[in-house]
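Report on one structure; see the data block that follows.
Note that the structure is predicted; figures quoted are calculated from it, not measured. Just so we're on the same page: letters track the sequence lines, and every chain starts at 1.
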Amino acid sequence: MNNNRIKAGITVFPGSNCDFDVYYVLNDIFGLNTSYIWHKDKINDMRSYDFIVIPGGFSYGDYLRSGALAARGLIMESLKDYAANGGIILGICNGFQILLEAGLLAGAMLTNNSLRFECKDVYLNVLKDDTPFTCDIKKGSILRMPIAHHDGNYFAAHDIIQDFNKNDNIIFKYCDSAGEPTEDSNPNGSLLNIAGIIGENFNIMGLMPHPERSSEKLMGSEDGGYIFKSIIKYIKGK
Amino acid sequence: MSYEGEKMIKKAFVKVMLKEEVLDSQGKAVLSVLKSSGYNNVKDVRIGKYIELTIDLDILNKSAEGKTYTMEEEIEEISGKILSNPLIEEFNIEIKNKK
Amino acid sequence: MSYEGEKMIKKAFVKVMLKEEVLDSQGKAVLSVLKSSGYNNVKDVRIGKYIELTIDLDILNKSAEGKTYTMEEEIEEISGKILSNPLIEEFNIEIKNKK
Amino acid sequence: MKKQDNKHEKAENKNYKLFGLSQDEYKEIGKLLKHEPDDFELGIFSAMWSEHCSYKSSKVYLQTLPSKGDKVLIGPGENAGVVDFGDGDVLVFKMESHNHPSFIEPFQGSATGVGGIMRDIFTMGARPLANLNSLRFGSHLHPKTPYYLSEVVKGVGFYGNCMGVPTVGGEVVFDECYNDNILVNAFTIGIAKQDRIFLSSKCEVENIVIYVGSATGMDGIHGATMASEEFDSKNNKKRSTVQVGDPFTEKLLLEACIEAMDRKLIVSIQDMGAAGLTSSSFEMADKSGHGMTIDLDAIPLRTSGMAPVEIMLSESQERMLLSCRGENLDALSSVFDKWGLSCVKVGEVIDEKNIKFYYKSKLYKIFDVDTVVNGPVYERPKRKPDYLKKILPIKINNYEIPKNINDIAARLIMHPNIASKRPVFTQYDYTIGTNTIVPPGFSAAVLRIKNEGNGNRLTKGFLLDINGNSKYTYLDPYIGSALAVIECARNISACGGTPVAITDCLNFASPEDPETMWQFSEAVKGIKEAAIKLKTPVISGNVSFYNETVRKEGGNAVASKIYPTPVIGMVGFIEDIDRVVTPYFKDDGDEIFLLGRLKGDLGGSLYMEYFHKDFRQKPMDIDLDYEVNLHNCLRSMINGGYIKSAVDISEGGIFTALTESSITNPDKTLGFVVEYEDKEMRLDAFLFAELEQAFVLTLNNKAKPKEFFEKASFYDIPIKMIGVVKEGVIKINSAIELKSDKIKKEYYSVIKNILSK
Ligand SMILES: Nc1ncnc2c1ncn2[C@@H]1O[C@H](COP(=O)(O)OP(=O)(O)O)[C@@H](O)[C@H]1O
Ligand SMILES: [Mg+2]
């Protein structure tokens with residue numbers, strides 16, 4: 001299968017602002033058949049998309065709570081339907097927050113424990129490699145990617161974490177350059193250094209770091225590109 | 001209740017607070033500022049949201065299933081579904097006539 | 001008033017709202033989502049902060065000049081100087097016994 | 001009696017003072033109108049004749065700045081300047097001050113400053129690519145400095161981050177002279193297609209006039225006049241004028257405007273900045289040579305019952321005035337509707353040079369556009385300040401060489417003006433847009449541009465830098481402001497770029513003080529000379545006067561004035577971004593070279609200020625011809641592929657240049673061993689002199705090719721090996737020996753400590 005036969009959708013909410021960056025990576029770097037999905041557009045058949053990315057940004061200004069208002073938008077019904085049918089959804093940063101607020105992933109985001117916006121490079125330890133998002137990465141790999149967020153302090157109640165452990169839902173943890181999930185390497189206070197999780201059916205993933213900002217050598221790291229490469233590999237293998 | 005022209009307007013006030021077991025880093029930060037400013041008798045600070053909704057009772061609301069709401073039910077729904085995140089927050093509603 | 005061990009503990013609740021004439025962009029965004037979710041009878045939304053202070057009355061407070069405060073004066077000062085920005089916000093205090 | 005009084009009141013509307021007009025200006029307005037102005041007329045005139053909108057005290061000087069060049073497409077006079085970036089692309093940029101609002105309310109003031117400059121850029125049809133900012137606060141020991149720093153940085157981040165525009169650079173400076181007047185200057189650069197630049201001047205008769213964006217509220221009324229008035233710290237009344245920013249709405253406004261522009265639905269467009277609807281409508285009318293009607297009843301209001309003058313002066317944010325052809329109104333409305341913004345017809349372009357205001361369905365007022373727009377122009381008296389008589393070249397032998405020079409060097413790196421600003425810029429999203437090749441924290445920021453949808457990668461990029469040096473400007477306004485231009489150029493050249501054009505923000509005290517006016521005229525001269533030599537025309541800019549506050553001190557009113565503070569923003573180009581050189585050392589064992597010459601003049605240096613508590617000396621002259629030649633030499637070396645790292649010498653001297661080159665390497669903790677002998681020069685002069693015309697280099701090629709040295713001799717620039725890069729230690733002769741890891745830790749923690757106070 002040629003990459004241009006793979007159809008990727010990028011949702012656009014008022015205030016989304018990483019949509020262009022994700023588009024550039026999918027369309028120009030990986031050569032996928034990429035299009036935007038405006039939050040108000042009636043999507044007759046979302047299932048024609050091989051996967052959908054909810055990009056970062058400040059949907060609805062991130063007012064009230066990050067991601068909260070976008071998660072109540074009309075398009076979420078179609079997205080939930082898409083997800084229920086096994087569709088692959090990747091939520092990046094604000095997209096992750098939207099997935100949480102919409103209940104498509106478990107847990108919630110609190111303000112960074114620094115109470116400040118944090119923009120910097122972080123290291124991620126890859127905990128799972130048998131998912132559509134990591135099948136081209138080896139478990140235990142350490143990836144370098146930038147973060148840029150104000151509310152990335154992942155929180156979930158005890159029972160959710162227990163389920164996570166049972167089902168293997170934690171997919172990325174913040175770590176130091178040696179792969180240790182230390183307190184110093186946790187940029188926002190996230191519970192258990194959680195940087196990314198995957199839903200129970202392994203078709204929905206959210207992460208705070210930005211793979212689209214680390215998919216080219218010129219950007220200082222190509223590690224994020226492996227997430228997109230994994231998705232492409234998975235779709236081709238289906 | 002008060003009338004504005006022909007309309008019946010009410011106000012609902014929704015308080016949204018983080019649950020006890022969720023760390024309130026903003027509250028903690030304010031507490032430390034208060035302490036360092038000499039307000040030593042402040043023992044704890046918690047910060048939530050206060051949301052004022054102005055409601056026009058004349059417009060009937062129907063739920064998705066077509067049943068008519070009372071205003072109380074509607075505010076309850078809005079508070080639980082949109083204004084707060086039940087995983088981390090709890091809310092509290094007060095309804096007043098428009099002042 | 002309530003006692004905790006030997007201590008007399010009160011709670012103060014401070015509501016901080018943007019002044020009427022100041023643009024409330026949060027409230028505006030929430031209103032637009034409520035409307036598009038079908039809550040057409042909501043006419044206005046304003047969002048402020050709700051702050052709970054736990055105060056230990058046993059600890060006396062002195063102002064910089066050495067005069068002793070009443071608790072009401074202290075909360076008033078904290079609200080005006082630290083919890084709110086008088087240029088754009090106004091506040092409102094309620095004091096309750098600790099529940 | 002009483003009646004007479006009333007009559008008198010009517011004959012002279014005393015409000016002119018409230019509106020910030022002088023009595024002469026008030027009289028002039030009466031003469032032009034042929035009647036005593038009422039409040040509406042006073043409001044319009046005072047806004048348009050304010051320093052902020054009319055540049056009445058600075059115009060005669062600004063006209064002397066060079067503004068033409070082969071790359072300049074549009075110079076000063078529009079919302080922003082435009083340079084040709086090749087292949088049909090243009091870069092649009094400008095810098096603007098938001099000092100007074102930021103002092104009153106640092107979060108909202110800085111946020112709306114950033115919002116305002118971005119509107120200036122996208123008004124022209126350019127998508128913003130990057131923001132920079134220049135921030136100045138009082139002494140880091142002043143109790144309010146942590147608050148201002150923390151809030152201003154949050155405000156800048158709040159707006160830029162939400163807009164999705166990376167903030168890739170800037171400067172943060174602390175000095176007592178800003179204790180009562182902080183400075184917030186914001187810079188934005190955007191990209192557009194050359195054949196698709198939008199101007200406010202293009203509207204034609206019968207076009208309709210449209211208002212888009214947020215509704216008009218009471219915020220910021222008198223903002224324009226406030227910005228032009230000396231600040232009275234006791235005057236709380238002015239505090240009601242805070243503008244509140246909503247970056248979310250501005251993001252929608254940006255997308256809606258660009259979409260409407262792409263669909264050719266807009267003829268002409270002007271953002272509402274200072275003096276809101278007043279300046280945007282009069283500017284649009286003036287520049288197009290037409291007039292317009294404005295129906296005040298149609299203006300969307302947030303607060304009911306606003307008076308006409310309040311509607312006209314409101315500085316509510318996130319609004320635009322535009323004109324379109326009548327038949328396009330529906331299409332235009334649907335674009336703005338898609339983005340959830342209001343889009344309202346408020347008037348028409350007419351075939352007479354008047355603006356006619358309608359209110360309550362009646363003709364309310366008519367203004368002749370020329371009369372309002374052509375305000376007074378002053379050539380204010382100026383006088384060389386007395387204090388300069390005592391500013392003489394340094395007599396270095398009057399000062400002893402300190403014995404503890406090792407400690408002094410270590411402490412200098414921890415000076416908040418030198419220490420890393422990382423805790424500031426990590427609050428800005430600098431990676432969004434995926435164009436940032438060299439992020440903040442090094443010297444110039446470097447960005448690439450994409451060739452979307454075309455497969456092949458573009459190699460060209462551009463460089464951005466912002467600089468001011470107010471202490472040197474205070475000691476010698478001519479040299480200090482020339483130095484600001486030169487320092488930008490050094491940073492750009494050291495990365496391998498070629499300086500192309502500049503924008504400026506001229507922050508000064510009251511122009512009514514002849515000494516300030518003299519400083520201003522000298523500063524403009526300095527910028528002019530440097531800009532001519534470096535071939536960087538001034539294509540946009542902004543003047544902020546009245547940066548002074550009257551403070552009560554023991555019953556006396558004391559004026560607290562800032563140092564004259566010209567800030568320069570420079571843009572450079574680079575043909576091949578793969579050739580970009582970063583300033584930090586790369587590898588243990590690399591030899592360190594000095595390209596250029598050292599003079600060792602310590603006059604006015606940070607070292608003199610910090611350790612000898614005396615910096616009031618005349619800064620050394622800078623040889624502009626040598627400077628240009630030096631940059632050409634360095635660029636030719638970089639283009640030849642010889643250079644692994646390059647950095648200029650500035651604040652803190654060569655000691656700081658070497659140390660920063662070591663500890664800013666993101667992956668290693670490097671250091672150096674340098675041996676330098678010069679019998680003519682004292683050790684402290686070698687270490688800490690700042691006005692040196694030289695660069696510190698390391699080379700790619702261990703073999704030290706002959707061609708490399710030939711370049712230096714071709715340009716007749718001395719080059720000398722002075723040491724080697726070495727892991728872990730910072731060592732100079734036998735005088736300095738420090739541990740890199742300790743210095744590195746401190747260098748990165750100083751600002752964090754200020755922020756957490
Ligand atoms: N110091 C300066 N140097 C060069 N151009 C300047 C300077 N100050 C202002 N200008 C130019 O004068 C024009 C008016 O500036 P300004 O009133 O600040 O713009 P705006 O109306 O967008 O706020 C702009 O084109 C600006 O670039
Ligand atoms: Mg403008």
Side-chain angles (χ1 to χ4, degrees), chain B residues 4 7-18 20 24 26-27 29-64 68-69 71 73-75 77-79 81-83 89 91-92 94 98, chain C residues 4 7-18 20 24 26-27 29-31 33-64 68-69 71 73-75 77-79 81-84 89 91-92 94 98:
Chain B
E4 191 178 75
K7 284 184 179 160
M8 203 157 57
I9 305 286
K10 280 216 179 197
K11 285 213 175 186
F13 301 87
V14 184
K15 264 187 322 218
V16 178
M17 298 296 285
L18 283 174
E20 202 73 68
D24 176 9
Q26 224 193 326
V30 172
L31 180 63
S32 86
V33 171
L34 289 177
K35 291 226 182 275
S36 71
S37 310
Y39 300 106
N40 291 311
N41 57 342
V42 183
K43 293 291 140 198
D44 195 21
V45 179
R46 295 193 65 81
I47 301 191
K49 292 192 197 93
Y50 193 81
I51 302 153
E52 259 187 47
L53 301 165
T54 308
I55 314 278
D56 182 345
L57 283 191
D58 277 4
I59 305 179
L60 280 175
N61 268 281
K62 298 211 196 280
S63 73
T68 309
Y69 284 83
M71 179 173 132
E73 283 167 342
E74 186 188 345
I75 305 291
E77 186 179 286
I78 290 178
S79 302
K81 280 200 186 161
I82 299 181
L83 300 182
E89 294 170 325
F91 64 87
N92 190 308
E94 219 181 316
K98 188 178 177 260
Chain C
E4 192 177 76
K7 283 183 179 165
M8 201 157 61
I9 304 286
K10 280 216 176 193
K11 282 215 176 188
F13 301 87
V14 184
K15 259 187 330 218
V16 178
M17 297 297 284
L18 284 172
E20 195 78 310
D24 178 7
Q26 284 211 67
V30 172
L31 179 64
V33 169
L34 288 178
K35 290 218 182 284
S36 70
S37 306
Y39 300 105
N40 291 312
N41 57 343
V42 182
K43 292 291 136 199
D44 195 21
V45 179
R46 295 190 66 82
I47 301 191
K49 283 191 213 104
Y50 192 79
I51 303 148
E52 261 188 46
L53 301 165
T54 308
I55 312 278
D56 180 348
L57 282 190
D58 276 3
I59 304 179
L60 281 176
N61 269 280
K62 295 209 199 288
S63 72
T68 311
Y69 284 84
M71 181 175 127
E73 282 168 342
E74 187 188 344
I75 306 293
E77 187 179 285
I78 290 177
S79 304
K81 280 199 185 159
I82 297 182
L83 302 180
S84 74
E89 294 170 326
F91 63 87
N92 192 308
E94 219 181 314
K98 190 178 177 263

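With a 4.5 angstrom heavy-atom cutoff, I75(C) does not touch chain B via any of its atoms. Contact of L53(B) with chain C is made through backbone and side chain together, with heavy-atom distances under 4.5 Å. For V45(C), the parts lying near chain B are the backbone and the side chain together; criterion is any non-hydrogen pair under 4.5 Å. Both the backbone and the side chain of I47(C) come within contact range of chain B, with heavy atoms under 4.5 Å apart.
Of the listed residues (M71(B), K49(B), K15(B)), the greatest number of heavy-atom pairs within a distance under 4.5 Å of chain C belongs to K15(B). Most heavy-atom pairs under 4.5 Å with chain B, from the set L83(C), I82(C), L31(C): that is I82(C).
The 12-atom threshold is not exceeded at NZ of K81(B), counting heavy atoms of other residues, nucleotides or ligands nearer than 6.0 Å.
Remark: L34(B) CG to E74(C) CD distance equals 8.5 Å, nearest 0.5 Å. The line from CG of D44(C) to CG of D56(B) is 12.0 Å long, rounded to the nearest 0.5 Å.
Between I51(B) and V30(C), every side-chain heavy-atom pair lies at or beyond the 4.5 Å cut-off.
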